[in-house]
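All residue numbers refer to positions in the sequence shown, counting from 1. Below, each value reflects all heavy atoms present in this structure, side chains not excepted, and no hydrogens, waters or symmetry copies. One-based numbering, in listed order, for ligands and for the atoms of each.
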Amino acid sequence: MKSTLICSHPFDDQRPGTSGLRKKVRDFQVPHYLENFLQAIFDSQSDLRGGTLVVGGDGRYYNREAVQVIIRMAAANGVSTLIIGQGGLLSTPAASCIIRKYQANGGIILSASHNPGGPDGDFGIKFNTANGGPAPEVVTELIYACTRTVDCYRSVELDAIDLDVIGEQRVGEMLVKLIDPVADYAELMAKLFDFELIRKRFSGGDFRMLFDAMHAVTGPYAHQILEQQLGAKAGTVINGKPKADFGGGHPDPNLVHAHEIVERSSGTDGVDFAAASDGDGDRNMILGRDFFVTPSDSLAVMAANAHLIKGYRDGIRGVARSMPTSQAVDRVAEHLGISCYETPTGWKFFGNLLDDGCITLCGEESFGSGSDHVQEKDGLWAVLFWLNLLAVRRQSVAEIVTEHWHTYGRNFYTRYDYEGIEIESAEALIAELRKQLPRLPGSKLGGYEVEYADDFSYTDPIDGSISERQGIRIGFKDGSRIVYRLSGTGTQGATLRVYLEAYEADPEQHGRETAEVMAPLVKIATELAEIKARTGRSDPTVIT
Ligand code: VG1
Ligand code: CO
């Protein structure tokens with residue numbers, strides 16, 4: 001099979017963001033755009049020549065076409081074995097699991113996660129390294145550097161491969177293995193959780209659950225694990241068939257976009273437990289009857305209860321959270337006498353801590369949690385963790401969380417997103433805040449006294465790499481915080497995220513409404529950053 005060199009020209013907008021390169025589908029369809037980025041991966045990752053590469057995506061529009069391009073280019077770039085999920089599908093955590101299990105040299109995940117799909121939607125491409133995790137910044141910067149000079153790429157001529165038939169075939173010298181996307185992942189989950197106990201909980205008849213796959217990749221995983229293996233009744237998984245346009249929806253598991261399970265878990269007839277995952281299966285939302293568990297609380301509850309779960313019976317070594325995530329887990333870590341690390345936003349920053357055994361659990365406020373079982377956040381894993389916990393403690397979700405608050409206090413939490421604002425105004429807003437930082441400590445904002453104000457900088461404790469300008473933090477004497485940062489996953493304009501946290505030790509106050517508790521901080525945050533004047537928005541697009 002002959003490899004040909006095709007001429008192109010470098011694109012200057014291929015720097016990966018928080019989680020890979022995300023653009024409009026239309027941008028990826030520009031001739032040579034996808035190919036150039038792929039060539040930059042092959043050029044910068046020399047291990048792939050003669051090595052094993054894993055490929056799969058979340059099933060969104062352009063997934064199948066992109067897999068075919070990868071097959072042709074992998075063959076031309078000397079990849080020895082290409083492992084592909086059947087149908088071109090692999091959830092992000094399953095891809096991580098497979099890279100690790102088969103000791104691949106890396107993986108390419110086709111996804112724009114929770115961003116909408118379809119011809120007018122978004123597409124994305126992430127590269128994961130041999131540890132199964134998202135490429136760290138040194139690697140993404142190297143890939144980016146290559147994209148600035150790539151002016152030709154290698155490919156072979158080949159008819160499209162049938163992605164739906166499991167089995168092996170040769171493409172020139174390269175072995176292509178089409179595998180069941182679910183099996184290896186399901187096997188790993190069965191090792192971590194007490195499937196027998198969960199099965200009993202479901203067969204008892206007094207426990208009902210719903211899982212919303214949001215027409216995205218977790219459908220096949222949830223059908224197999226929850227309904228087939230754990231015996232949840234048929235219909236437990238809703239929107240379980242991956243669709244190229246996610247049914248026209250936003251595959252983002254929050255109270256706004258996963259509203260169906262919010263409704264079906266409310267009232268006396270509501271189910272006991274409900275959960276949802278995102279486009280690529282790495283996020284999760286956890287609900288009890290009439291009860292929403294914030295992702296920050298979910299992480300803290302998991303850390304406090306890990307010893308009750310089969311795979312974590314021996315305890316956890318340490319925990320980590322992204323900087324904007326609430327400090328609820330810090331309190332648990334302190335109680336357990338283990339380390340708690342604060343990292344910049346994005347899973348790649350947990351990689352070294354996980355690899356080095358510093359931490360067992362980690363999470364982000366953006367509906368992401370995970371452990372050292374893979375190197376990605378893992379939506380279904382979190383759901384199974386909660387299911388296992390509910391089966392062990394035989395309490396409701398609300399009881400477990402309120403007891404947790406009783407012990408540790410409650411970190412009220414909310415996030416305001418202002419989407420699609422002008423890039424210049426967003427950058428000016430952050431720049432202006434940065435200027436104000438030196439004068440803030442010691443001053444009073446509303447009734448709150450500022451303890452510290454900085455632009456978060458992180459030094460990786462393992463490799464010493466430094467990541468600066470990771471978000472503006474304003475911490476108050478009473479433990480409350482305001483954090484501002486700009487999203488690194490959007491494809492249109494800028495998204496300003498404002499994260500707010502308030503700590504309340506008094507159990508009498510734990511039942512208050514989040515919106516009411518946060519109102520004074522919201523006022524301070526919006527005024528300090530002059531959000532209305534600078535962005536023209538009086539209200540956020542989404543509140544989570
Ligand atoms: C967002 C979240 C971040 C998460 C990232 C990828 O990034 O805030 O916590 O790691 O998405 O998640 P940003 O830069 O837009 O705030 V996913 O599920 O898109 O792979
Ligand atoms: Co995701």
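- To the nearest 10 degrees, the angle centred on the Co ion (ligand 2) between OD2 in D278 and OD1 in D280 reads 80°.
- Once rounded to the nearest 0.5 Å, the distance linking CD1 of I41 with CD1 of I143 reads 5.0 Å.
- For atom 7 (O) of ligand 1, the closest heavy atom belonging to the protein is T489 CG2, 3.5 Å.
- Residue, atom and distance of the protein heavy atom nearest to atom 11 (O) of ligand 1 are R283 NH2, 3.0 Å.
- Those atoms of ligand 1 that come under 4.0 Å of a heavy atom in S113, given as number and element, are 17 (V), 18 (O), 19 (O), 20 (O).
- A salt bridge links E141 with R15: at least one charged nitrogen is closer than 4.0 Å to a carboxylate oxygen.
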Where do D280 and R60 land on the salt bridge (charged side-chain N to carboxylate O under 4.0 Å, His left out) test, with the steps shown first?
CA-CA 9 Å; D280 61 330; R60 68 179 58 226; over 6 Å; no
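- Proximity of S487 to ligand 1, defined as any heavy-atom pair under 4.0 Å, is shared by backbone and side chain alike.
- Contacts of D278 with ligand 1, taken as heavy-atom pairs under 4.0 Å, involve the side chain alone.
- In summary, the aromatic rings of Y62 and F28 are positioned with their centroids too far apart to meet the 6.0 Å limit.
- Annotation for Q436: atom CD counts as buried by contact number, over 12 foreign heavy atoms lying within 6.0 Å.
- In this pair, W381 and Y312 present their aromatic rings perpendicular. The plane angle is above 60°, beyond the 30 to 60° band.
- For the pair R415 and Y413, the NZ or CZ position fails the cation-pi test of under 6.0 Å to the six-membered ring centre and within 45 degrees of the ring normal.
- The heavy atom nearest to atom 6 (C) of ligand 1, out of those in E364, K377, R415, R485, is found in K377.
- Every atom of ligand 1 with a heavy atom of T345 under 4.0 Å away is listed here by number and element: 3 (C), 8 (O), 9 (O).
- Distances below 4.0 Å separate heavy atoms of R22 from the following atoms of ligand 1: 17 (V), 19 (O), 20 (O).
- Assignment of G346 to the shell around ligand 1 is supported, since a heavy atom sits closer than 4.0 Å.
- Close approach of ligand 1 to G488 (heavy-atom distance below 4.0 Å) involves ligand atoms 13 (P), 14 (O), 15 (O).
- Ligand-side atoms of ligand 1 in range of H114: 19 (O), range being under 4.0 angstrom from any heavy atom.
- Side chain to side chain, S487 and T489 meet the donor-acceptor criterion of an N or O pair below 3.5 Å.
- Regarding atom 20 (O) of ligand 1, its nearest protein heavy-atom neighbour is D282 OD2, 3.1 Å.
- Note that R534 lies outside the cation-pi zone of Y418, set by a 6.0 Å cut-off to the ring centre and a 45° limit from the axis.
- At least one N/O/S atom of S113, from backbone or side chain, sits under 2.8 Å from the Co ion (ligand 2).
- Each of D282, I98, L354, L188 was scored for a side-chain contact (heavy atoms from CB on, under 4.5 Å) with V374, with one residue passing: L188.
- In D282, the N, O or S atom that comes nearest to the Co ion (ligand 2) is OD1.
- Here is the list of ligand 1 atoms found below 4.0 Å of a heavy atom in R497: 8 (O), 13 (P), 15 (O), 16 (O).
- The shortest side-chain heavy-atom distance between N284 and D378 does not fall under the 4.5 Å cut-off.
- Close approach of ligand 1 to S366 (heavy-atom distance below 4.0 Å) involves ligand atoms 2 (C), 3 (C), 4 (C), 8 (O), 9 (O).
- Under 4.0 angstrom from ligand 1, there are no non-hydrogen atoms of K348.
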